[in-house]
Structures are given as structure tokens and as C-alpha cells.
Amino acid sequence: MKKIIKRVLKDIGMLLLLGLLGLVGWHLLYGRNLIAIPHDTALPGTLDLPYESAMADGILTHEEIAIHYAPQIDQAVNVLLAAGGRGDFLTAVNYDGDWSCLNNWENLRRGDLSAVVYYSVQETDTHYYVGYDFYHPRDDAEIWLDRHENDMEGIMLCVPKSSDGYLAPEMMYVQGHGSLFFYSTGDVKPEDMQAGSHFGGSMALVGQQAHRPHLYICPNGTLKNQGHSVESAANHSTYWSVGNSGVRYSYGGKAETPRSWNGAFDTNLCSYELRPLEELWAHRHGPYDGTGVFGSYGAFDGDNWGEDKANPPWAWRNKTIYGFGGSFLSDPVWTFNRAIRGAGLSAAYVDNRWADWTLTFGKAFLPAGVDAKDCTLHLFRDGWEFSNPAWFTLQPDGNGAYDILLCEERRTLWVASPAGGTWWMELRDAQGEVIPGAAAAVKAEPLAK
């Protein structure tokens, strides 16, 4: 009997030891908070800057605008991937203490994952365009082909200007994996979408003045609603293995690291810091030698699961609809007008610092017998096509030539693209062949920095 009891106790001891080892291993591998961590469940101090305070010096700065509209972000976290979900945390590109992006995948457990959101502001004579961009060190997935080092997605708000105070955003587009989805607080409808653009729905707003977008960012993973794509929190689609579990980030003026990331968003609260996008924009021209942020113009330097597969906002693109990019950030007026029928936004920029070039389109000339309706215009830079033919129209000028117009009757496009190089246009027939004797003019002017 003593032997039996001794054996049972030994077996129980082994089971307890294995259980303890399993518990520790699970905690280390997936970072789950198996023991409740005491923390405040009240919304972290979301900082607001009233219009009267912001205008005390007579100037409304871009930072003050960005603070006012800073979004509330529900970041879903997939604890089965990326170091127990840490790859889903919002953070800075240099979170690991250096500006090399080649080691950001490896440093996920060692770096400072304090929360950072990048912002940009442009303005025309009628509107502000306020961008918020979200960086993750890893785009991780169950399917290895979906993985890559570095990831950045974001949003752009269209906000009417007023001399009497802040106004609510009118429209917003969100970006995820080359697709833009458009949201509105007004009467924009699915049938108003043009050029293959996607209707997102109504914009969810929170805050005392209903002025802050409420966003949902998808977690790491495989399928449509994954890979950190951004959606409005009002009608987002949750990822199959996560549900509504993760971190709720709110602007609090300081960068905090999540202390808990299991359970409902409103139980896991974290403050983020705003940083100007200029921090990254300043690195866009290199060096491209493995020591910097970018491996080439418009591509983060990465070598895990593929080379340089993530892009900053000035290089986001949808090849089918918008061509090869360069205007999502650099010309937001164009992006909204191109996507939403009747948007009619003014392109008279007062401040637009997110472009390297302005392209001004001039005249086109066709040989006798060629009908303009059978022609398409194609914009090239250094041998690759920059545009979509649907961008352009030909309008007779009454003197036998044609004015080249962008689809909303504009002549100028602001773009981000490397310095140097050659721009040109081609006229092609219905079969896609270059039309002999045809000519089209574009003037490319680099912007002084």
C-alpha cells in the first residue's frame, strides 16, 4: 500500500510539475495575463485642447489640429502570433532604439513598445486633411506567405475649416493592403462611389463634441479582416480567432505600453503619443544601405519573409484603380474627388508638404483621322506607368488641339516620387498601341525642400 501511495504521489507531483512548466511556457510564449494585473479601468486621460486655448496665440497649429481629432483605436490582438500578440501593438518605427528597420522583426521582445501614432496635416482654402498612421513591427500570419517585416496602415480625415471653432469630420478614408474604404458623417451612399472605390459606411465618432473617429484595427492573421487593416469601429468585422479582444488606445499625450491585452477593449486601456510624420518623411531619400528606415523610396527596409514589403503612406497604392500610387497622402483632395462622385473639394492648397513634385498637364495633339474618344493617356516615370488611363480626359480647345484634364477638371497633381528622373505621357489607341504622331505634354516641377 505504501508503494502505491508513494507512486500516486509521485505521479501527482509529476503532473503538477508538468502543469507548472506548461503554464510558464504558455505565459512566456503567448504573453497571456493568466493572473489579473491591477490597473485602472477608467478611460485614460484623453487630452483635449479647446479651440479657445489653441487660438490664444492667434494661430491654430497642425499639432493642435491633430490633437483635437486624434482617434480612439480598438486594436485587436492575436496572442497566437507575433510574440504573444506584441506585434499588434502600435509603436514607433524606431521602437528598438535605432533607425534600422532590418532588425525590427527580431527586436520585438526587446524593444520599447510604447504607443505612438504618426500624424500629418494639410490644408486647402476650405478644409483640413488630417492623417493618422499606425506602425507595427510585424505583419504576422498563420500562412507564411502573408508575413513580412514592418507594417503601416492609416486613415485620412476631411474636416471643414471654420473661424469659429472645430467642426466635425465630413469624410474619412482608411487604408488596408492597397484598398481604400470611404466613410462619411453625411449623405454619401454606396452609389456615389466611382472608379471602383469602396464604400465603408457611416463614420463612428466619439468624444464630447463627437469629433474623434472610433477605429478598429485588425490583428495579425490570415484572411480578409487581418494584417492591421483599419475599419470604422461602428461596423467592423472581427477576426475569427480573436473577436473583440485587445487594447483600446486613446490619445493621452504620453506613450504607454499595454499592461493587459486579453478581454474587452474597454478593460485594456492605453495612452498613445502623437508624433509628426516628418520623422519618417525626412528619411525617404535614404540611405538605402541597410542602416536606415527604407530599403528604397517608399518601401520600409525589411528582410524577414520577403524584402521591403511594407510601405509608408506616401507610397500606398491601388494599381487597379489609382495606378501606381503617389497621391494618397500627397494629394488627398484628388483621392476624395476621384473616389466620391460629386465630392467637389477645392484643390487650392494653402499648405501641402507631402509631395516631391507637381505635375501640370498641358496640350495633346492627335493626327488627322484619330478620334479622341478612342484614345487613352498614360503617364510614365522612368519606364514604369504611374497612372491609370481613367484619370484623364481630352477636351477640345477649339484650335485643333486638346486640353489634358484630370477627371475632376484639374490640370495639376501633387505626387511623391524620387528626385530626378524623367516624366512623359503617351497616347494609345483602343488596342493599347502607341499612336504614331500623337503628342501629350506634362510639366514636372520638383518642389523645393
Side-chain angles (χ1 to χ4, degrees), residues 62 82-83 86-121 131-140 147-154 175 177-178 220 227-228 255 272-317 324-330 352-357 381-384 386 414-421 446-449:
H62 287 183
R86 292 171 178 83
D88 286 320
F89 291 0
L90 303 180
T91 192
V93 168
N94 61 334
Y95 80 99
D96 56 351
D98 62 52
W99 283 106
S100 171
C101 283
L102 279 177
N103 57 15
N104 281 3
W105 182 285
E106 293 82 359
N107 289 341
L108 187 57
R109 286 189 177 276
R110 296 187 292 272
D112 177 5
L113 292 170
S114 298
V116 168
V117 170
Y118 295 93
Y119 75 89
S120 62
V121 180
Y132 299 95
D133 303 304
F134 316 116
Y135 175 79
H136 302 83
R138 294 187 190 180
D139 190 329
D140 206 352
R147 296 177 177 176
H148 57 78
E149 191 167 20
N150 307 303
D151 195 25
M152 182 165 271
E153 317 287 354
Q175 200 279 152
H177 296 274
N220 276 303
H228 304 138
Y272 68 80
E273 170 190 307
L274 284 170
R275 291 189 187 177
L277 189 60
E278 279 96 341
E279 282 192 9
L280 305 184
W281 176 253
H283 292 267
R284 69 193 185 283
H285 294 306
Y288 306 138
D289 59 2
T291 64
V293 177
F294 301 108
S296 60
Y297 186 95
F300 284 104
D301 203 7
D303 58 0
N304 291 83
W305 310 100
E307 292 188 7
D308 305 351
K309 294 177 68 174
N311 307 107
W314 56 88
W316 290 341
R317 57 193 180 273
F324 284 82
S327 60
F328 286 179
L329 171 69
S330 301
N352 184 7
R353 65 193 65 186
W354 306 105
D356 297 295
W357 301 82
R381 186 186 189 282
D382 293 343
W384 55 275
F386 189 86
W414 299 65
V415 300
S417 191
L447 296 171
K449 298 298 181 184

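Just so it is clear, the model here is predicted, and its values are computed rather than measured.
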Enquirer: Which distance, rounded to the nearest 0.5 Å, do you find between the CH2 of Trp281 and the CG of Leu329?
Expert: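 These two atoms lie 7.0 Å from each other.
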Enquirer: Return the CG to CH2 distance between Asp96 and Trp105, rounded to the nearest 0.5 Å.
Expert: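 Here the rounded value is 14.5 Å.
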Enquirer: Phe328 and Pro313: which non-hydrogen atoms are nearest, and at how many Å?
Expert: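 Answer, listing the atom of Phe328 first, then Pro313: CB-O, 4.2 Å.
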Enquirer: Mind checking what makes side chain to side chain contact (heavy atoms under 4.5 Å, CB included) contact with Pro418, not counting sequence neighbours?
Expert: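 In terms of side chain to side chain contact (heavy atoms under 4.5 Å, CB included), with neighbours along the sequence ignored, Pro418 is linked to Tyr297, Arg381.
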Enquirer: CZ/Arg147 to CG/Asp139 distance, rounded to the nearest 0.5 angstrom?
Expert: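 Interatomic distance, Arg147 CZ to Asp139 CG, rounded to 0.5 Å: 10.5 Å.
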Enquirer: Looking only at non-hydrogen atoms, find the nearest pair between Leu277 and Ser120 and report the distance.
Expert: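 So the two residues come closest at CD2-CB, 4.2 Å.
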Enquirer: Do Trp99 and Asp301 pass the side chain to side chain contact (heavy atoms under 4.5 Å, CB included) test, and can you show the C-alpha distance, the side-chain angles, and the key distance before you say yes or no?
Expert: CA-CA 10 Å; Trp99 283 106; Asp301 203 7; over 6 Å; no
Enquirer: Does either side chain, that of His228 or that of Asp88, offer a donor lying less than 3.5 Å from an acceptor on the other one?
Expert: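 His228 vs Asp88: donor-acceptor pair found between side chains.
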Enquirer: Between atom CG of Asp98 and atom CG of Asn103, what is the distance when rounded to the nearest 0.5 Å?
Expert: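 Output value for this atom pair is 4.5 Å.
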Enquirer: So, the side chain of Asn220 versus the backbone of Gly227: is there a donor-acceptor pair under 3.5 Å, distance only?
Expert: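 No: the side chain of Asn220 does not pair with the backbone of Gly227.
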Enquirer: Is the shortest heavy-atom distance from the side chain of Tyr95 to the side chain of Asn107 under 4.5 Å?
Expert: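 Heavy-atom side-chain distance check passes, below 4.5 Å.
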Enquirer: With rounding to the nearest 0.5 angstrom, report the CG to NZ distance, Asp151 to Lys309.
Expert: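 Answer rounded to 0.5 Å: 11.0 Å.
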Enquirer: How far apart are the closest heavy atoms of Pro137 and Leu113, and which atoms are they?
Expert: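 Closest approach of Pro137 to Leu113, heavy atoms only: CG-CD2, 4.4 Å.
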Enquirer: For residues Ala92 and Arg275, report the shortest heavy-atom separation together with the two atoms involved.
Expert: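 Smallest interatomic distance, heavy atoms only, reads CB-NH1, 3.5 Å.
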Enquirer: Heavy-atom distance under 4.5 Å between the side chains of Phe89 and His136, does that happen here?
Expert: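 Heavy-atom side-chain distance check fails, nothing below 4.5 Å.
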Enquirer: If only atom types and distance count, is the side chain of Trp354 paired as donor or acceptor with the main-chain N or O of Ala416 below 3.5 Å?
Expert: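 No.
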Enquirer: Does the side chain of Val116 come within less than 4.5 Å of Leu90's, by heavy atoms?
Expert: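 Leu90 does not reach Val116 side chain to side chain.
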Enquirer: Which heavy atom in Ala255 sits nearest to a heavy atom in Ala115, and how many Å separate them?
Expert: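 Taking Ala255 first and Ala115 second, the nearest heavy atoms are CB-O, 3.2 Å.
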Enquirer: Is there a side-chain contact between Pro276 and Tyr119 (heavy atoms, below 4.5 Å)?
Expert: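 Of all side-chain heavy-atom pairs linking Tyr119 with Pro276, at least one is under 4.5 Å.
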Enquirer: Test side chain to side chain contact (heavy atoms under 4.5 Å, CB included) on Thr291 and Ser100 and set out the steps.
Expert: CA-CA 5 Å; Thr291 64; Ser100 171; 5.5 Å; no
Enquirer: What distance do Gln175 atom CD and Glu153 atom CD have between them, rounded to the nearest 0.5 Å?
Expert: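 Answer rounded to 0.5 Å: 5.0 Å.
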Enquirer: I need the minimum non-hydrogen distance between Pro312 and Gly298, along with the two atoms involved.
Expert: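 So the minimum-distance heavy-atom pair works out to CD-O, 3.3 Å.
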Enquirer: Do the side-chain N and O atoms of Asn150 and Tyr135 include a donor-acceptor pair separated by under 3.5 angstrom?
Expert: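 There is such a pair between these side chains.
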Enquirer: Under 3.5 Å, is there a donor-acceptor pair between the side chain of Thr91 and the main chain of Ser114?
Expert: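 Confirmed, Thr91 side chain pairs with Ser114 backbone.
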Enquirer: Report yes if some heavy atom in the side chain of His283 is under 4.5 Å from a heavy atom in the side chain of Phe294; otherwise report no.
Expert: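 Yes. Closest side-chain heavy atoms under 4.5 Å.
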Enquirer: Using a 4.5 Å cut-off on heavy atoms from C-beta on, say whether the side chain of Leu108 contacts that of Arg138.
Expert: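 Yes, side chains in contact.
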Enquirer: Taking the side chain as every heavy atom from C-beta outward, state whether Glu106 and Glu149 have any atom pair closer than 4.5 Å.
Expert: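 Glu106 reaches Glu149 side chain to side chain.
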Enquirer: For the backbone of Val93 and the side chain of Asn104, can you confirm whether one donor and one acceptor N or O come within less than 3.5 Å of each other?
Expert: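 Yes, the answer is positive, given that a donor and an acceptor are paired below the 3.5 Å cut-off.
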Enquirer: For a 4.5 angstrom cut-off between non-hydrogen side-chain atoms, does Asp356 reach Pro446?
Expert: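 A side-chain contact under 4.5 Å is absent here.
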